[in-house]
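Report on the structure given below.
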Amino acid sequence: MAVSPDGKRAILEARGELFNVPAKDGVTLNLTRSSGAYDRDPSWSPDGKTIAWWSDRSGEYEIWLQKSLGDPNPKQLTMRKGGYGYSLYWSPDNKKLAFIDEKNDISIIDTATGAIEKAANSEWDVSHGGRGAFIIKWSPDSRWITFPLAVKNAQSAIFIYDTESKKLNQATSGFYSDDLPTFSQDGKYLFFQTNRNMDVEYSALGDGTWIYPNATQIVSVNLNKDIPSLLPPKNDTLTVAATEKTDKTEKPDKVEKTDKTEKTDKSEDKKKDAVKVNIDFENFEARIVTLPVKAGNFDKMAVAENKLIYLRRPNTGSGENGASLKYYDLKEREEKTIMDKVSDYAVTADGKSILVESNRQYGIISVGASQKIEKAIPTDGLVMPWVARQEWEQIFNDTWRRYRDFFYDPAMQKVDWNEMRTRYGALVKDARTRWDIINIQSTMISELAAGHTYARTGDTEEFTPLISGFLGIDWIKEGNQYAVGRIVKPAAWDTEIRSPFDRPGIDVKEGDIITAVNGISLDITKDPYAAFEGLEGKTVVLSITRKNGLTEEKSEKVITCLTMSEERNLRCLEWIEKNRLMVEKLSNGKLGYIYMSNTSGDGQRELVRMYYGQLDKEGFIVDERFNGGGQLADRFMELLLRPVVYNLKWRTGKSHTQPVKTNTGPLGMLINGWAGSGGDGLPWAFKVLKAGPIVGENTLGILVGPATGHSMIDGGGITVPDARLYDNAGHWFWEGEGVSPDIKVWDDPNMLMQGRDPQMERVVQEVLKQLAVKPGKMTPAPAYEDRTAKGLKNKK
């Protein structure tokens with residue numbers, strides 16, 4: 001989104017079109033009218049005359065310019081002939097634009113000539129999402145641009161580029177991570193955010209671990225040593241009022257201005273208004289002044305009317321949602337809230353208004369405290385001539401281009417990518433629905449034989465499904481009725497989710513007959529859940545019949561049905577507990593069992609919960625079969641392989657290791673062909689670190705990635721793998737092959753039907769062998785010492 005300099009109009013992008021909309025009342029103009037082109041990232045010039053944006057109407061993403069009130073003949077400014085550019089930032093004098101591109105180049109383009117100069121390049125990848133949020137700020141005299149870049153120590157430093165000398169200057173050292181710099185309106189100060197508030201927060205689990213959340217502070221730097229500090233010490237002074245009039249014979253305080261004097265004064269005023277920014281880079285960081293606002297999590301900043309404006313995001317661990325738009329009053333020296341629940345904003349060039357996005361609405365508000373959207377920007381005029389086939393052509397070509405420009409291997413793993421465009425592009429003309437297009441997209445990118453190559457639908461036919469409510473039971477037939485065959489139960493200590501019949505106060509037992517739900521009888525000729533259609537997560541009344549000999553007891557039970565995901569999770573928890581008990585039995589109580597469903601949030605919780613809950617065991621089986629992936633495994637392995645560094649002998653209480661929460665017993669791992677991505681990375685790390693035997697079958701083998709998400713014109717999306725993992729010996733990960741087990745064991749379904757698990761049986765055997773050879777025993781405390789002088793002398 002972009003806003004006019006006076007705050008009366010805004011540019012909104014919708015469905016690849018740019019619309020010039022009024023703040024409150026007026027005409028909405030479709031500036032681009034191009035159903036087959038993706039027009040995006042508009043930017044309004046400070047003088048209000050010109051709109052700049054990116055468009056692929058030429059076949060590649062180029063910068064285009066046109067008059068803000070509409071222009072039938074927009075000007076194509078660039079001829080990049082490939083690549084992808086991000087947000088455009090106008091210089092205050094309306095002559096230049098700055099942007100970052102897919103190569104991490106930061107460039108400046110002259111809007112009159114189209115000449116491009118490269119100001120910098122990030123040697124660390126910024127990522128597609130990071131570039132989308134990458135902000136470049138101009139100095140008020142249009143001479144300097146500033147931005148953050150990661151330096152060799154992986155911290156982020158503030159850089160400032162001089163467009164006159166063509167010199168890139170590193171302003172801060174990178175000793176701390178610094179971000180989001182912005183110049184003050186008078187060109188005397190630079191504000192930026194810096195992670196220097198390292199207040200530690202300890203884990204509640206008693207494992208001695210800690211993190212540094214909410215570490216960001218906002219600081220200012222006077223740009224040269226002659227400029228005073230932004231926040232000098234305050235000192236109240238006495239003002240003495242004059243009591244007598246000045247004698248007329250005395251020299252007057254003011255000289256009557258002649259025409260010449262007035263012209264001179266006006267000339268001086270213009271000189272004052274013509275801001276010139278001079279920067280002294282020597283001891284730049286030493287001139288930092290920290291603004292007295294509470295440290296936390298911040299986002300984009302802007303300046304207006306002696307106010308520093310910024311988004312304050314919720315503190316880590318607060319449980320809050322949504323950001324607040326704040327400002328720090330540089331005169332009053334206090335923080336105030338402009339508006340809550342703001343997801344994005346843009347300050348007008350005149351500094352008097354702000355375009356905000358809040359709760360899926362847009363509005364123009366003033367730069368002041370306690371604002372709200374009085375009247376949302378009208379969006380009912382965002383109408384375009386939509387031509388489906390033109391849009392589908394754009395989506396296909398955009399998919400092809402983004403893989404060309406972002407895929408980790410520029411040579412596309414030797415696949416003839418131009419030929420793929422021709423081959424699959426020929427199918428687009430025969431497409432009849434958006435589903436056809438996603439099939440073409442998916443099949444084309446699958447030619448790369450790489451993991452993490454996905455496409456998701458955009459604007460497709462939709463329907464609202466009626467999802468059944470679930471009860472967490474297995475059904476059985478009792479004559480012509482349905483009964484509770486088995487109540488699904490997880491571990492006793494697992495309270496994450498339980499069947500409504502496995503809760504206090506609900507007297508329903510296995511064998512009880514469910515005759516009706518909400519008065520509707522269950523039809524024995526249909527699936528029993530047919531009567532629960534549309535009742536997902538709903539409170540219902542069940543009619544229950546319990547046979548007691550020859551008598552029948554009838555009752556009504558009010559319960560809340562499980563959702564589909566709760567039912568699935570409940571059955572998974574039961575399976576996990578069944579496996580844990582199997583390991584307990586097979587190892588005679590010596591080994592613990594950990595299941596990790598992924599290497600993301602669920603896997604993190606599962607690992608810590610099951611590891612800490614069984615630290616008294618002599619070793620562990622880590623089961624990552626069906627692991628859905630997530631992050632890489634280094635932190636997981638740090639926990640599993642945490643070494644004992646010290647031991648402590650107490651006067652009272654048992655001796656223990658330090659850290660306390662660790663287990664040095666042997667480990668074993670289970671893998672299968674349904675574990676991929678992070679589910680490949682975890683056993684790979686397990687093998688590299690020689691943590692223990694791996695039993696099962698090869699993992700899925702999809703570690704070309706991580707993959708970055710890209711949005712398409714209609715709300716659909718693709719993922720493009722822009723990196724690939726390789727080992728310390730210089731070999732690529734075994735893509736399409738996966739991690740091989742040390743001991744291959746087939747999960748024979750015939751044995752599974754008998755309640756056995758051949759893979760589990762074998763891994764327990766292997767870990768017990770290791771336990772016999774090298775048990776993870778704690779070192780016993782030595783005998784007490786004689787620390788008297790005589791004893792110490794004899795000790796020598």
Side-chain angles (χ1 to χ4, degrees), residues 408 413 445-446 448-454 572 575-576 579 582-583 593-607 610-611 620-641 666-707 719 721 723-749 751-752 757-767:
Y408 87 97
Q413 298 188 147
I445 59 183
S446 72
L448 293 167
H452 298 102
T453 51
Y454 309 126
C572 181
W575 178 76
I576 291 170
N579 290 342
M582 185 184 297
V583 171
Y593 171 81
I594 298 166
Y595 180 70
M596 292 180 63
S597 61
N598 58 36
T599 55
S600 188
D602 290 336
Q604 292 163 358
R605 287 189 295 272
E606 290 157 352
L607 173 61
M610 300 191 76
Y611 182 63
F620 278 96
I621 305 300
V622 181
D623 187 352
E624 75 110 47
R625 294 174 295 184
F626 311 101
N627 187 292
Q631 68 188 66
L632 292 174
D634 44 309
R635 289 297 302 277
F636 299 103
M637 296 309 300
E638 284 176 16
L639 175 61
L640 289 169
L641 299 178
L667 300 172
M669 178 170 279
L670 288 171
I671 63 175
N672 71 359
W674 293 94
S677 188
D680 291 302
L682 180 58
W684 182 13
F686 202 86
K687 179 170 286 193
V688 168
L689 296 173
K690 299 179 180 178
I694 299 177
V695 174
E697 297 182 276
N698 277 39
T699 58
L700 188 57
I702 51 169
L703 271 181
V704 171
T719 55
R724 184 176 178 185
L725 288 131
Y726 61 94
D727 63 21
N728 291 328
H731 302 121
W732 292 117
F733 172 75
W734 313 274
E735 192 72 10
E737 178 183 344
V739 178
S740 299
D742 299 311
I743 303 168
K744 189 171 183 177
V745 176
W746 177 45
D747 53 349
D748 186 339
M751 296 179 69
L752 295 175
D757 186 333
Q759 294 174 340
M760 187 79 76
E761 292 173 4
R762 183 59 185 272
V763 76
V764 169
Q765 290 175 17
E766 295 301 320
V767 175

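We number each residue from 1, following the sequence as shown.
Nearest heavy atom pair, residue Ser677 against residue Gly629, reads CB-CA, 4.3 Å. The minimum heavy-atom distance linking Gly603 with Ser597 is given by the pair N-OG, 4.5 Å. Closest of all the heavy-atom pairs between Thr699 and Glu624 is CG2-OE2, 3.9 Å. Across all non-hydrogen atoms, the minimal contact from Ala633 to Gly681 is CB-O, 3.9 Å. Considering every non-hydrogen atom in both Pro749 and Trp746, the closest pair reads CD-CZ2, 3.6 Å. Here the closest non-hydrogen pair linking Val739 and Ile671 is O-CD1, 3.6 Å.
Put simply, CG on Asn598 and CZ on Arg605 are 8.5 Å apart, with the number rounded to the nearest 0.5 Å. Rounding to the nearest 0.5 Å places CG of Asp757 at 7.5 Å from CH2 of Trp575. Separating the CE atom in Met669 from the CD1 atom in Ile594 is a distance of 9.0 Å, to the nearest 0.5 Å. One distance of note links CG of Asp623 with CE of Met760; it measures 5.0 Å at 0.5 Å rounding. Once rounded to the nearest 0.5 Å, the distance linking CD1 of Ile694 with CD of Glu766 reads 12.5 Å. One finds the CG atom of Leu689 at 10.0 Å from the CD atom of Glu638 (value rounded to the nearest 0.5 Å).
For the pair Lys687 and Asp727, the salt-bridge criterion is not met [side-chain N within less than 4.0 Å of a carboxylate O].
Side-chain contact between Leu752 and Pro758: present, with at least one pair of heavy atoms (C-beta onward) separated by less than 4.5 Å. The shortest distance between side-chain heavy atoms of Tyr595 and Asn579 does not fall below 4.5 Å. The shortest side-chain heavy-atom distance between Leu640 and Leu607 falls under the 4.5 Å cut-off. Residues Val622 and Phe636 have side chains not in contact (no heavy-atom distance under 4.5 Å, counting atoms from C-beta outward). In this structure, the side chains of Leu632 and Leu725 come closer than 4.5 Å at one or more pairs of heavy atoms. Side chains of Trp674 and Arg625 form no contact here, defined as non-hydrogen atoms less than 4.5 Å apart. Inter-residue side-chain proximity for Met610 and Ile576 is flagged as met; some heavy-atom pair is nearer than 4.5 Å.
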Before giving the answer on side-chain contact (heavy atoms from CB on, under 4.5 Å), spell out for Met637 and Val688 the whole-Å C-alpha distance, their side-chain angles and the decisive distance to 0.1 Å.
CA-CA 11 Å; Met637 296 309 300; Val688 168; over 6 Å; no

Derivation and outcome, side-chain contact (heavy atoms from CB on, under 4.5 Å), residues Trp732 and Val704
CA-CA 9 Å; Trp732 292 117; Val704 171; over 6 Å; no

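Judged purely by atom type and a 3.5 angstrom limit, Glu735 has no side-chain atom pairing as donor or acceptor with the backbone of Ala450. Judged by distance alone, with hydrogens and angles left aside, the side-chain atoms of Gln631 form no donor-acceptor pair with the main-chain N or O of Gly678 at under 3.5 Å. Side-chain atoms of Gln759 never come within 3.5 Å of backbone atoms of Leu670 as a donor-acceptor pair (strictly under, hydrogens ignored). Side chain of Asn672 to main chain of Gly696: no donor-acceptor pair is present (N/O by atom type, distance under 3.5 Å, no hydrogens or angles). For the pair Thr719 (side chain) and His452 (backbone), a donor-acceptor distance under 3.5 Å is present. Judged purely by atom type and a 3.5 angstrom limit, Ser740 has no side-chain atom pairing as donor or acceptor with the backbone of Asn698. Checked by atom type and distance alone, the side chain of Asp680 pairs as donor or acceptor with a backbone atom of Ile702 at under 3.5 Å.
Between Trp684 and Phe733, the ring planes lie tilted relative to each other; the angle falls in the 30° to 60° range. Using cut-offs of 30° and 60° for the angle between ring planes, the Tyr611 and Phe620 rings count as tilted.
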